[in-house]
Every structure is written in structure tokens, then in C-alpha cells.
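In what follows, chains carry the letters A, B, and so on, assigned in the order in which the sequence lines appear, proteins first and then strands, with residues in each chain numbered from 1.
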Amino acid sequence: MKVERNKWQNNFSEWYNELIETAGIQDKRYPVKGMNIWLPYGLKIMRNIEKFIHEEMERTGHQEVLFPALIPETEFQKEAEHIAGFEGEVFWVTHAGHDPLDVRLILRPTSETAMYSMFALWIRSHADLPFKIYQIVNVYRYETKHTRPLIRVREISRFFEAHTAHDSFEDAERQIKEDLEIFDNLAKKLALPYIVSKRPEWDKFPGAYYSLGAEVIMPDGRTLQIGTMHNYKQNFAKAYNIMYEKEDGTHEYVHQTTYGMSERLLAAVIAVHGDDRGMVLPPTIAPIQVVIVPIPKKDSPYDVFTYAREIAEELKTAGIRVHVDERDIRPGRKFYDWELKGVPLRIEVGPRDVEGQKAVLARRDTLEKFTVERAELVEKVRETLDAIMENLYARAKEFLDSHIKRVDTLEEAKEVFEDRRGVVEIPWCGEESCGLEMEEILDAKMLGIPYPEEEAKIEGKKCAHCGKEARFIARFARTY
RNA sequence: GGGGCCGUGGGGUAGCUUGGUCCAUCCUCUCGGCCUGGGGCGCCGGAGACCCGGGUUCAAAUCCCGGCGGCCCCA
């Protein structure tokens, strides 16, 4: 058995859309465009991802809250850039019953404008800072482009947003560093290698001083943003009058940051680790880490079902999420089913194994099969799950690295986009006009410059477009 | 914002140009039964569809109008 990734890479859109339904992640047939139904299996995986998010929030002293989904128009309009960035894509609530509302309400596209009037009430003193909260809720955006399950939707149903307030720009910067560390820990749990870019001025979050974006590269070479961090400086604090009293008795506006993620994390896991047979889930988040498939044989004196249940009990005791598939269908069919659903490890037990007190292990990532002694089963399963985790990361890292190419000219950049695509890194003078024109020429978006910025600085190169001295490396990609 | 294409069982489709042979084809899924079991086996039987509204006509899945929904391209 060999790992094939032809459709995965060459016909990714179709692969992805089919998988979302056949693997039981979501049902897209709900009669509102861009709003899908979470199916039990998909939701379990997402919950497992969120478990790690909650752990990281706990570790770093963020408190969980829940804000209402409706925001009065009057609050929404307080920060000028913010409203300009979102007004074209919000859902309005204009009526209650038969009567028009005096103050219209919006369905939150993100929660800054819901939270910050409350921040102004809650934050009084320097002793209240840093103030760190988060929530995981649904938010709504009227997307006009092509919607895709988990990736571009009108209802983001698992929107994570952390909001913080600080007594200084420096402390807000420290928060951004912490956010990046949180992201790195999470990405490791998902075996996802990624890149971080500082967004160009024209593409930062509406109202932000600057924005960072974390991206993965999808099988078709387009990038997917799966995490963002913004430093707002005092932009929102001034609009919402969020002030604190300093030790010397004077008052000052707070500095703020936000950090966002969503079910795109799941999309990235599905896309990055998959192959032609379906999903391959990292053991860390797989609802079923090990599936046991009994292989009965007629007239055999051995009871494979009892043996399978005994093994399952052993693994369960060892803390492994295990399932015995006792359905009355052929084993081959079960193999395909569980491979589609991405169960990282399969154990086959037939009469031969019962007789010899053994079991056959089949890895989902490499499709290798091998026999182990029952006495060492738990240990071997643990080892193999760890090995799968490492292999998934290594394979994904190799894909990522081989899809980032540094070039000096636009011609070379164009070739990259025509060929295997991915991310192109190219010298840039730093001028907005030049950046926008390069986007046009390459038919790609500027992700920004590598972050931390020291990695973006270059010397002795010319801007690929205007020929002036280049100040930065700029990253371009076709994006989702 | 502009242009183009398309809506047929749960999923994927044939039929539409030239209206009648369509109580609508095939694959898949699903249900019942038999058989089987270390990679989707086979056989028998069953269930399930023309997006909505209006029009033309003796007759509409097919032609026309409107609505709703989906997809693609361009800005």
C-alpha cells in the first residue's frame, strides 16, 4: 500500500468538498449560503482543538467570557476605520416583530465594538492591567465571494477572540509575543508548520496599528490564514474612552491587542495532512486514536470479538481513545471507512492473532502494516502514535519549505505561480504603490513581510518592481 | 459592480438542441434477505427526484417570463 496524493494536490477543491461531507465533518445543505451544520464527528475534532486553546488561555491568565451577539449601531460606529472595514459585510437586525427598531442592531462580525464600552466600565486602575479575556462564539459576515466550508463562511461558528488591555505599548508588545508563543504551542499539537507575516498597511485589520497573520500552505499552493494578532495601540481606547488611573493619579488610555482564530484551524489540519484516501488526523485531536477491526473467520475456534474487546479495554485503561468496529460488514469496507475519517492507527485482529497472542497495526499516515506481540501492545501503540505525530509534522514541514521560494524578479515570481505555486519572497522597496502594483502584476496578494521584522530586512537588493533600493523581503501568494 | 453558465431521488448523473417513445437513465448511498469475512465480493427484492410560481400547448423535465438558489470569469 502506497500513499497517493494525486487528487489531494491536483484537484484539491473537489477533494476537500467531498471529504467534508463523506468524512462526517459538516453538512453543507443547510438552506442558507455559507452557513453549514456541524456533524458529530467534525464537532468532536473541533472540540479537541478547542481543548488545547482553553488550556493555553488558562496557562497565560486569560479569563473566558461570553458577550451578546447583537451590537447597537451606535456602538458599532464609534471607531471610524473599523466601521469602514466591516459595514459592507454585516447583517442587520432592523425590525422586532412588525415594528422597525429605533436603534438598529448588527450581528457581530467580531466583538471589539461589543466589548469595549464594557471595558470602559470595568477598567479603572493600573492594578486592573493587564486585562485579558477571550471567548469562542459565532460571528457573522456577509461574504460575497465563493463560500467554502470551514474556510470562507457567513457564520463563523467557532470564532476565537482574545482581547487584552495594557498600561503601555511595551506591555502590549509583550502580549503579542505571548500570542505567538500560544500559537506555536497549538500548531505543534496540530502538527502544523506555518509562517508569520506582518501585514502591509493596506491589508491590516480595520482599526489596528499593525496586524500579524499566521498562514499554512494548502495542497493547491494557496495560503490559508489561520491566526491573526493585532496591536491596536490606543485607537479603540480613544474611541470607546477606555482609561485607567495611574499610580500618580493621572489618567491614561489603555493599549489594546486582539488575537483571533477559528474553525479554519480544522480546515488546515484536514487539508495539510490528508491524502487521496481521506483525512489523516494527528493523534492529539483524533476522536478515535485507535480503531480495532475484528476479522472473523467461519468455523474458526477463536473468538476474535472477545479478543478485540479485551485489547480495547487494555488500551482504554492506558488512556488511549479506542473504538471496536463490530459492524456486520466486510473488513475491507471498514478499512476504507476509517481511513477516510483519518483514524491514525488501526489494529486488525483475526484468528491468527488470537492464536499467537498478537495484533496487526496499520498506520494511517504511511499505510504500513506490522505485527506486534500482545504483551507489548500498549507500548507499541503509544510509540506508533508518537511516530505518526512526528511524521505528520515532518511531511508537512517539507511541503511548506518546498513551496516557499525566494526570487529577485517578477518574472521568476510569475513562473513560481504558474508552476507549483505557494509563497514567493521578493525584494520590495516598502512603498505602498509598488506593493499594490506587484499584487496586480502577479495576480496575488501580499501577505506582508516576514515576522519578526529582523528576518525581513535585506541589503544590496533592488525592488523587483521599481528598481530602487529594497528594504524588505515581501511575501506574495494566492490566498483563500 | 459587470458578464456568462446551471438547478432531475441523500450524493453524482442521462434525458432538454428538435415538446409526446419519461408513471424519467445509470452509478452510489439506503432498507430487507441470502452469502461472505486479513482491502469496497456477489446475488435477489424494496424505497427514493424533474427548485418555486405563472404562461404557451391537445401534450412541458424539455419552450417562454418572473422568483429563489448554486457555480465560474472579469473589475
Side-chain angles (χ1 to χ4, degrees), chain A residues 1-4 7 11-37 39-42 87-89 142-149 151-155 202 220 222 275-278 280 290-308 311 324-343 345-372 374 436-437 439-445 478 480:
Chain A
M1 300 268 171
K2 218 173 79 211
V3 176
E4 305 266 352
K7 183 165 188 183
N11 210 340
F12 173 68
S13 239
E14 196 182 322
W15 178 92
Y16 181 80
N17 276 322
E18 277 177 9
L19 193 64
I20 290 295
E21 291 222 8
T22 55
I25 307 298
Q26 289 200 323
D27 196 319
K28 330 186 258 289
R29 293 170 299 179
Y30 190 74
V32 179
K33 177 182 162 76
M35 298 191 185
N36 306 311
I37 296 154
L39 297 173
Y41 190 67
E87 68 182 344
E89 57 179 80
Y142 185 76
E143 294 287 353
T144 52
K145 287 187 189 156
H146 189 176
T147 58
R148 266 174 221 280
I151 292 176
R152 184 177 296 281
V153 287
R154 288 180 171 178
E155 177 181 45
W202 63 89
D220 59 0
R222 291 165 75 180
D275 63 25
D276 286 356
R277 287 167 186 252
V280 183
V290 176
V291 65
I292 302 177
V293 178
I295 319 276
K297 191 148 275 175
K298 221 182 172 185
D299 304 325
S300 164
Y302 299 106
D303 181 358
V304 292
F305 289 99
T306 299
Y307 188 73
I311 286 178
V324 182
D325 188 351
E326 301 196 34
R327 289 178 298 169
D328 186 24
I329 52 176
R330 298 178 66 101
R333 172 68 179 282
K334 296 181 183 177
F335 297 166
Y336 278 86
D337 273 5
W338 295 113
E339 281 168 359
L340 178 70
K341 283 176 166 294
V343 173
L345 188 62
R346 180 178 74 239
I347 299 180
E348 303 172 17
V349 289
R352 295 202 293 268
D353 307 296
V354 181
E355 186 181 33
Q357 290 294 293
K358 296 177 196 304
V360 174
L361 270 53
R363 282 176 64 155
R364 176 61 184 89
D365 60 334
T366 59
L367 301 172
E368 290 168 314
K369 277 195 194 188
F370 53 97
T371 305
V372 304
R374 179 171 175 181
L436 289 171
E437 280 168 37
E439 285 190 336
E440 190 77 16
I441 292 164
L442 295 174
D443 188 23
K445 276 192 65 171
R478 306 260 161 89
Y480 269 102

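Rounded to whole Å, the separation between the P atoms of B/A61 and B/U8 comes to 15 Å. Taking atom C1' on both B/G15 and B/C63, the two are 16 Å apart, rounded to the nearest angstrom. On the C1' atoms, B/G45 is 28 Å away from B/G39, given to the nearest whole Å. For the P atoms, the distance linking B/C52 with B/G69 amounts to 15 Å, nearest Å. Nucleotides B/G67 and B/C50 place their P atoms 23 Å apart, quoted to the nearest Å. Distance check on atom P: B/G1 versus B/U13 gives 30 Å, rounded to whole Å. The C1' atoms of B/U62 and B/C51 are separated by 16 Å, rounded to the nearest whole Å. Rounded to whole Å, the P atom of B/G12 lies 15 Å from the corresponding atom of B/C72.
Proximity of A/Arg148 to A/Ser13: side-chain heavy atoms (C-beta onward) are separated by under 4.5 Å at one or more points.
Between the side chain of A/Glu339 and the base of B/G39, a donor-acceptor pair under 3.5 Å is found.
Residue A/Leu367 contributes atom CG, which lies 18 Å from atom P of B/G38 at whole-angstrom precision. Rounded to an integer number of Å, the gap from A/Glu18 CD to B/C29 C1' is 14 Å. Distance A/Arg277 CZ to B/G40 P: 11 Å, rounded to the nearest Å. For the pair A/Ile329 CD1 and B/C29 P, the interatomic distance rounds to 11 Å; values are reported in whole Å. A/Arg333 places its CZ atom 12 Å from the P atom of B/G42, with the value rounded to the nearest Å. When the P atom of B/C35 is taken as reference, atom NZ of A/Lys298 falls 7 Å away, rounded to whole Å. In this structure, A/Asn17 atom CG and B/G11 atom P are separated by 14 Å, rounded to whole Å. We find that NZ of A/Lys297 is positioned 13 Å from P of B/U36, with the value rounded to whole Å.
Within the 3.5 Å criterion, the main-chain N or O of A/Asp443 finds a donor-acceptor partner in the side chain of A/Arg478. Distance alone, capped at 3.5 Å, is enough to place a donor-acceptor pair between the A/Asp276 side chain and the A/Lys7 backbone. Without hydrogens or angle criteria, A/Lys28 side chain to A/Asn17 main chain gives a donor-acceptor distance under 3.5 Å. A donor-acceptor pair under 3.5 Å is formed between the side chain of A/Tyr41 and the backbone N or O of A/Lys341.
A heavy atom lying under 4.0 Å from RNA chain B marks the following residues of residues 354-366 of chain A, by number: A/Val360.
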Requested in this report: Could you encode protein contacts along nucleotides 68-73 of chain B as a string, one character per nucleotide from 5' to 3', using B for base contact, S for sugar-phosphate-only contact and - for no contact, with a heavy-atom cut-off of under 4.0 Å?
Outcome: --SSS-
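A/Asp275 and A/Lys2 are not joined by a salt bridge, as no carboxylate oxygen comes within less than 4.0 angstrom of a charged side-chain nitrogen.
For the pair A/Gly278 and A/Trp15, the tightest heavy-atom approach, listed with the atom from each and the gap, is O-CZ2, 3.5 Å. Heavy-atom minimum distance, A/Asn36 versus A/Pro149: ND2-CA, 3.6 Å. Nearest heavy atom pair, residue A/Tyr30 against residue A/Met35, reads CB-O, 3.4 Å.
Comparing A/Glu440 and A/Arg29, the nucleotide of RNA chain B nearest to each residue sits closer to the 5' end for A/Arg29. Mapping A/Glu21 and A/Asp328 onto RNA chain B by nearest heavy atom places A/Glu21 closer to the 5' end of the strand.
Remark: of the listed residues A/Val360, A/Val304, A/Ile292, A/Val360 is the sole one forming a side chain to side chain contact (heavy atoms under 4.5 Å, CB included) with A/Glu348.
Stacking between A/Phe335 and B/G39 is absent: the aromatic ring centre is not both under 5.5 angstrom from the base six-membered ring centre and within 30 degrees in plane angle.
Look at A/Arg330 and you'll find a side-chain N or O under 4.0 angstrom from OP1 or OP2 of B/G38.
Searching all strands for a Watson-Crick or G-U wobble partner of B/C5 with both distances below 3.5 Å returns B/G70.
Partners of A/Glu326 according to the side chain to side chain donor-acceptor pair (under 3.5 Å) rule, which considers only residues two or more places apart in sequence or in another chain, are A/Arg309.
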